[in-house]
Amino acid sequence: IDDAEAARLAADFPALDQEVNGHRLAYLDSGATSQKPSAVLDAERDFYEHHNAAVHRGAHTLAALATERFEDARAKVAGFIGADIDEVVWTSGATEALNLIAYGISNASAGLGGEAAKRFAIGAGDVIVTTEGEHHANLIPWQELAARTGATLRVIPILDDATLDMEAAAALITPEVKLVAFTHVSNVSAVINPVSELVALARAADALVVLDACQSVPHMGVNVRELDVDFAAFSGHKMLGPTGIGVLYGRSELLNALPPFLTGGSMITTVTLEKAEYLPAPQRFEAGTQQVAQAIGLAAAIDYLDAVGLDRIHEREAELGARMYRGAAAIPGIRVLGPSEAALRSGVVALDVEGVHAHDVGQYLDDRGIAIRVGHHCAQPLHRRLGVTASTRISPYFYNTTAEIDAVIEALGEVRAYFGLAD
Ligand code: PMP
């Protein structure tokens with residue numbers, strides 16, 4: 001993807017075509033949420049205009065059409081990540097998907113899991129492992145699960161360049177470990193974690209593997225079968241899809257053994273006044289009226305991503321990220337977080353401007369129409385470890401141009417002088 005193609009693709013995204021503070025918007029906050037192409041907006045609108053009905057319930061024609069499109073969307077997601085259809089559970093987002101696993105496991109520990117109890121039984125003496133580089137969504141659910149079950153939480157530390165301390169990982173993932181949860185790609189340091197090495201350590205301990213794929217699925221080809229993880233979670237809104245829809249992938253046999261997190265309508269076979277029998281996965285996890293339009297919008301997003309090509313998207317972002325990294329690292333007083341080796345990084349660049357609070361940096365860039373994210377990006381322990389309380393994060397997507405990256409570099413070069421700091 002070159003600049004000409006990026007500009008052509010950007011024209012598919014209505015929100016990118018606007019002025020902010022008198023400048024053409026340069027949207028570089030796709031790590032938080034991506035913009036949406038017209039194809040996704042049209043798919044949602046088309047659903048509401050022509051097929052809107054509750055799925056898996058009515059016998060009428062619209063209900064059948066809505067159900068068909070909803071299940072087609074599931075099949076599309078499954079194909080996109082190399083899973084079987086019944087291994088894709090709709091959630092409201094990655095946060096809910098990760099909590100679904102954690103609450104399901106504690107229900108299993110409480111004896112409700114039947115056969116599942118073996119794999120999911122976590123209690124005193126057992127260990128859950130996560131890392132210092134996680135988004136809070138892949139840290140707090142495990143803290144809470146440990147607190148509910150009496151298990152211990154161990155945290156794999158990161159090194160100064162934010163890569164995982166793999167020697168420590170090998171020492172921490174002992175036979176008592178029941179679950180290892182880690183992110184595929186960091187939303188701050190850009191680190192791409194060594195999934196296969198971590199999976200091998202977890203397998204040797206017979207532990208479950210949970211992958212936070214929020215920052216990988218939108219940006220590179222991800223095949224859950226090849227990665228050999230047990231569960232994976234990601235959000236639709238970061239991959240051109242609507243808000244309010246996310247995905248939990250789980251191995252079929254594990255999903256069918258995991259107790260549900262939410263109970264109610266649409267997830268049962270038989271209900272008496274005393275008890276209920278649950279449907280198999282994925283329906284057992286989909287209580288209540290589902291986010292049908294959002295699922296259909298996500299399917300349109302996947303069509304769009306497939307048409308552009310995930311490999312080309314990945315390559316383009318690597319180029320934009322490397323350009324951003326080089327430009328920022330060359331500015332006196334700026335420290336880029338994460339590793340310097342390009343092969344270890346995604347396209348995200350988070351940095352610290354010495355002497356200037358990230359919020360002031362964000363304001364300076366916003367005045368120039370540049371949208372980036374500032375703060376701790378829901379990763380306080382990671383920032384603390386790297387010695388900063390907040391950072392400025394530039395997260396490009398394939399629709400960004402090198403001119404936009406250069407505009408950020410130029411503005412960053414001015415920031416310290418603007419706030420009265422000498423080089
Ligand atoms: N994990 C990572 C790595 C993320 O970047 C995010 C979103 N910032 C999440 C989890 C949570 O995703 P959501 O807010 O869409 O549930």
Side-chain angles (χ1 to χ4, degrees), residues 1-46 80 185 187 190 214-221 234-243 245 294 297-328 345-350 362 365-374 392-412:
I1 300 173
D2 58 12
D3 277 334
E5 186 179 356
R8 272 199 307 281
L9 292 168
D12 293 335
F13 293 73
L16 293 176
D17 183 22
Q18 58 180 307
E19 291 209 342
V20 170
N21 297 324
H23 298 267
R24 196 183 157 76
L25 169 66
Y27 186 79
L28 288 154
D29 195 17
S30 296
T33 198
S34 72
Q35 295 301 347
K36 324 298 173 197
S38 298
V40 168
L41 307 178
D42 292 347
E44 275 203 80
R45 187 178 183 89
D46 178 71
F80 191 62
V185 176
N187 63 316
C214 270
Q215 299 290 343
S216 56
V217 166
H219 305 284
M220 58 175 80
F234 54 96
S235 291
H237 69 92
K238 292 180 196 283
M239 51 188 290
L240 315 183
T243 51
I245 186 91
Q294 292 89 331
L298 179 56
I302 289 176
D303 282 339
Y304 191 98
L305 290 171
D306 273 338
V308 179
L310 264 293
D311 289 346
R312 296 173 72 238
I313 289 173
H314 186 54
E315 196 183 326
R316 170 70 174 174
E317 287 174 23
E319 284 163 17
L320 294 175
R323 189 181 184 94
M324 186 64 232
Y325 183 98
R326 277 195 308 274
R345 300 186 61 97
S346 74
V348 169
V349 174
L365 297 183
D366 185 52
D367 286 345
R368 283 146 191 81
I370 299 167
I372 49 92
R373 172 125 184 226
V374 295
T392 299
R393 183 184 71 183
I394 299 100
S395 55
Y397 213 171
F398 59 88
Y399 41 56
N400 291 117
T401 60
T402 53
E404 290 173 324
I405 298 292
D406 291 348
V408 182
I409 296 168
E410 191 186 329
L412 284 174

Considering non-hydrogen atoms only, spot the tightest contact between [X] and [Y] and give its length.
{"X": "A301", "Y": "G241", "result": "CB-N, 3.7 Å"}
{"X": "A43", "Y": "A300", "result": "CB-CB, 3.7 Å"}
{"X": "Q35", "Y": "L16", "result": "CG-CD2, 3.8 Å"}
{"X": "A411", "Y": "L365", "result": "CB-CD2, 3.2 Å"}

Within a strict 4.5 Å, meaning less than it, do heavy atoms of the [X] and [Y] side chains meet?
{"X": "L305", "Y": "L310", "value": "yes"}
{"X": "V40", "Y": "P242", "value": "yes"}
{"X": "K36", "Y": "L240", "value": "no"}
{"X": "E317", "Y": "M220", "value": "no"}
{"X": "N21", "Y": "R368", "value": "no"}
{"X": "D12", "Y": "S38", "value": "no"}
{"X": "F13", "Y": "Y304", "value": "yes"}
{"X": "K238", "Y": "S34", "value": "no"}

Can you tell me how far the [atom1] atom of [X] sits from the [atom2] atom of [Y], to the nearest 0.5 Å?
{"X": "I1", "Y": "E315", "atom1": "CD1", "atom2": "CD", "value": "8.5 Å"}
{"X": "N400", "Y": "Y27", "atom1": "CG", "atom2": "OH", "value": "9.5 Å"}
{"X": "D2", "Y": "R316", "atom1": "CG", "atom2": "CZ", "value": "7.0 Å"}
{"X": "L9", "Y": "I313", "atom1": "CG", "atom2": "CD1", "value": "8.5 Å"}
{"X": "N187", "Y": "S346", "atom1": "CG", "atom2": "OG", "value": "9.5 Å"}

Under 3.5 Å: donor-acceptor pair, side chain of Y397, backbone of P218: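 It does hold such a pair.
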Under 3.5 Å: donor-acceptor pair, side chain of E44, backbone of L41: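 It does not hold such a pair.
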Return the set of residues passing side-chain hydrogen bond (donor to acceptor under 3.5 Å, both in side chains) with [X] (not counting sequence neighbours), or none when no residue passes.
{"X": "Y325", "value": "none"}
{"X": "D17", "value": "R24"}
{"X": "R326", "value": "none"}

Sole residue of D406, V408, L28 in side-chain contact (heavy atoms from CB on, under 4.5 Å) with M324: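 Testing M324 for a side-chain contact (heavy atoms from CB on, under 4.5 Å) against D406, V408, L28 leaves exactly one candidate, V408.
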I394/V348 under side chain to side chain contact (heavy atoms under 4.5 Å, CB included): CA gap, chis, key distance, verdict: CA-CA 6 Å; I394 299 100; V348 169; over 6 Å; no
Validation row, ring centre H219 to ring centre F398 under 6.0 Å: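 H219 vs F398: aromatic centres not under 6.0 Å.
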Candidate pair L25 and E19, rule side chain to side chain contact (heavy atoms under 4.5 Å, CB included), full reasoning: CA-CA 5 Å; L25 169 66; E19 291 209 342; over 6 Å; no
Any donor-acceptor N or O pair under 3.5 Å, side chains S30, Y399: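 Yes, a side-chain donor-acceptor pair sits under 3.5 Å.
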Distance-only side-chain donor-acceptor flag, T402 / D3, under 3.5 Å: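 Side-chain D/A pair, T402 to D3: present.
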NZ/NE/NH1/NH2 to OD/OE distance under 4.0 Å, R393 and D29: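 Yes.
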Salt bridge present between E5 and R312 (N-O < 4.0 angstrom):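 Yes, E5 and R312 are salt-bridged.
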